[in-house]
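Numbers for residues simply follow the sequence, beginning at 1. Any value given below was found using the heavy atoms of this structure, including those in side chains, with hydrogens, waters and symmetry copies removed.
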Amino acid sequence: MYDFQYRNGFVFDSRTGRFSKRDLFVKAGVIAEPAEDRPEAKTVIEAEGKYVVPGLIDEHLHLDLNGSMIGANGDTVCIPNGVTTACDGGTCGASGFTQFYNSNLVRYEAHAYSYMNVSTFGNKSLCIHEEDHDPEDFREDLIEQKFRKYPDVLRGLKVRMCRGTLGDYGMAPMHRALEISGMLQEKGFHCPLVVHYDNLPSNVSVEELFDALRPGDIVAHIYQTKEETIFLPDGTVHPAVRRARERGVLMDDCHGRVHWSIRNLKTALKEDFLPDIVSSDCVRISEYVRPGFSLLYALCMLSAVGMPTERILQCVTANPAKALGIGDRAGDLKPGMPADITVLDIRDTDMEFADFWGDHIPGRKLFVPLLTMVDGRVAYRQIFF
């Protein structure tokens, strides 16, 4: 006998990007093979007309609750929004990571991972001076020590390429971060470089930044609006950015509040330069405050500019699972996978959405979470579902 049966739902195959109407079964915390005849389950969840998808993955948000000025509460921004796996976007450096791990990552209901900030003291944020990005201060020895202690949790190295961190260092911090990331990869650790791209100083160009990246590296905030963007004056995508994608560099929408605009999203759609990953970049002050809100706002906004629903869902399931190196445990509903499941009502809507800059657009789809299951346990459910 099964523990759960999701009956008559539209089940999403994140590998092919297709829905099929069928039943889904859970036993002992994992997705089970369907029985041939008259399956029985202790609990039947009637999903007629609803969408049964792998538990959503929020690949980049900030989860250091009470440990920094920006940490969101992973319990309130993940499970109620259908998110069963989350990755901190590099809030902490080596000096504070153990405290962050003990105080936050291990206690959250969602499966929690993290990038490590290349700066020893991590992201102070909301300060005049942000991370120390003097490459002489990057402690390779301490970073490796943490990767050895937490190899399953740490999923990459984070560097912030923006005016607030770089000063006169130019590309030197990124080159040093690439060296450390490469060293860790050679030693068998999963360690892409995750680049916060925003408001570049005059001594760093988009071409330099994107040409330096390797397959599997991730650029966060690709639709940011400040200084040199990924778009040329004529609206086309910078050739260096396209070259990077062709090499296998991953493009993360990494929504947040100020790192995108409706105009840039529309331009990306026109140029067929949609993201590989969609994440919320949720921080403490943007929890449930528009236009940051949650991962769901990002999904609705991308739908509003015309991104297909199936492609949006791949960007929060299979794609980030692969990027994080956790495709064997997240982002898929094939038999044998952990039963991390989200049931969505994907509704037509004319609700208006806005960006930080005052532009508005009518919505197309609302992604409404009805149920969230983590490891075969119902962790959240709407009263009317």
Residues [X], [Y]: salt bridge by 4.0 Å N-O rule:
| X | Y | value |
| --- | --- | --- |
| Lys334 | Glu33 | no |
| Asp13 | Arg18 | no |
| Asp3 | Lys27 | no |
| Lys322 | Glu59 | no |
| Arg377 | Glu109 | yes |
| Arg364 | Asp348 | no |
| Glu144 | Arg148 | yes |
| Glu271 | Arg242 | yes |
| Arg176 | Glu179 | yes |

Exercise. Test Tyr197 against every option in Arg160, Gln224, Glu228 by the side-chain hydrogen bond (donor to acceptor under 3.5 Å, both in side chains) rule and name the one that passes.
Key: Gln224
[X] to [Y] - nearest heavy-atom pair and separation:
| X | Y | answer |
| --- | --- | --- |
| Lys146 | Ala94 | CE-O, 3.3 Å |
| Cys162 | Pro201 | C-CD, 4.2 Å |
| Val52 | Ala47 | CG2-CB, 4.0 Å |
| Ile277 | Ala323 | CD1-CB, 3.8 Å |
| Leu213 | Val195 | CD2-CG2, 3.8 Å |
| Phe231 | Asn264 | CZ-O, 3.6 Å |

Any side-chain donor-acceptor pair under 3.5 Å between [X] and [Y]?
| X | Y | value |
| --- | --- | --- |
| Ser181 | Arg214 | yes |
| Asp23 | Gln5 | yes |
| Asn117 | Ser119 | no |

Hey, does [Y] have a side-chain heavy atom less than 4.5 Å from the side chain of [X]?
| X | Y | value |
| --- | --- | --- |
| Asp198 | His259 | yes |
| Gln382 | Tyr380 | yes |
| Tyr6 | Met373 | yes |
| Val53 | Phe10 | no |
| Leu61 | Val77 | yes |
| His111 | Val374 | yes |
| Val241 | Met251 | yes |
| Asp332 | Thr317 | no |

Just verifying a value: how many Å separate [X] [atom1] and [Y] [atom2], rounded to the nearest 0.5 Å?
| X | Y | atom1 | atom2 | value |
| --- | --- | --- | --- | --- |
| Phe189 | Met183 | CZ | CE | 8.5 Å |
| Leu166 | Asn199 | CG | CG | 10.0 Å |
| Asn8 | Lys21 | CG | NZ | 5.5 Å |
| His60 | Cys282 | NE2 | SG | 11.0 Å |
| Leu184 | Leu193 | CG | CG | 11.0 Å |
| Ile341 | Ile45 | CD1 | CD1 | 7.5 Å |

Self-check item: Near-ring test His255/Phe293, centroid separation under 6.0 angstrom
Solution: no
Quiz item: Which pairs with one or both residues in residues 277-286 pass side-chain hydrogen bond (donor to acceptor under 3.5 Å, both in side chains), sequence neighbours excluded?
Solution: Asp58-Ser280, His62-Asp281, Asp252-Ser279, Arg284-Glu287
Quiz item: Do Tyr51 and Phe12 pass the ring pair (Phe, Tyr, Trp, His ring centres under 6.0 Å) test, and can you show the C-alpha distance, the side-chain angles, and the key distance before you say yes or no?
Solution: CA-CA 7 Å; Tyr51 298 83; Phe12 185 61; 9.3 Å; no
More than 12 heavy atoms from other groups under 6.0 Å of [atom1] on [X]:
| X | atom1 | value |
| --- | --- | --- |
| Lys226 | NZ | yes |
| Glu40 | CD | no |
| Asn102 | CG | yes |
| Glu352 | CD | yes |
| Arg263 | CZ | no |
| Asp350 | CG | no |

Whichever hydrophobic residues join [X] through chains of side-chain contacts under 4.5 Å:
| X | value |
| --- | --- |
| Val289 | none |
| Val30 | none |
| Trp357 | Val258, Phe356 |
| Phe25 | Tyr2 |

List in chain and number order the residues that pass side chain to side chain contact (heavy atoms under 4.5 Å, CB included) with [X], two or more places apart in sequence or in another chain; answer none if no residue qualifies.
| X | result |
| --- | --- |
| Ala110 | Cys78, Ile79 |
| Pro338 | Arg329, Asp340, Asp375 |
| Asp137 | Asp132, Asp134 |

Result block: side-chain N/O donor-acceptor pairs under 3.5 angstrom for residues 299-312, not counting sequence neighbours:
residue, atom, partner, partner atom, Å
Ser303, OG, Lys365, N, 3.4

Quiz item: So Tyr297 and Phe353, ring pair (Phe, Tyr, Trp, His ring centres under 6.0 Å) or not? Walk me through it.
Solution: CA-CA 9 Å; Tyr297 196 95; Phe353 291 87; 5.3 Å; yes
Identify, with sequence neighbours excluded, every residue that meets side chain to side chain donor-acceptor pair (under 3.5 Å) alongside [X].
| X | value |
| --- | --- |
| Asp75 | Arg107 |
| Tyr223 | none |
| His196 | His221 |

Quiz item: Would Arg155 count as a cation-pi partner of Tyr115, with NZ or CZ less than 6.0 Å from the six-membered ring centre and within 45° of the ring normal?
Solution: no
Quiz prompt | Co-membership, hydrophobic cluster, residues Ile285 and Trp260, 4.5 Å side-chain | solution = no
Quiz item: What class does the angle between the rings of Tyr101 and Tyr150 fall in, given that below 30° is parallel, 30 to 60° is tilted and above 60° is perpendicular?
Solution: tilted
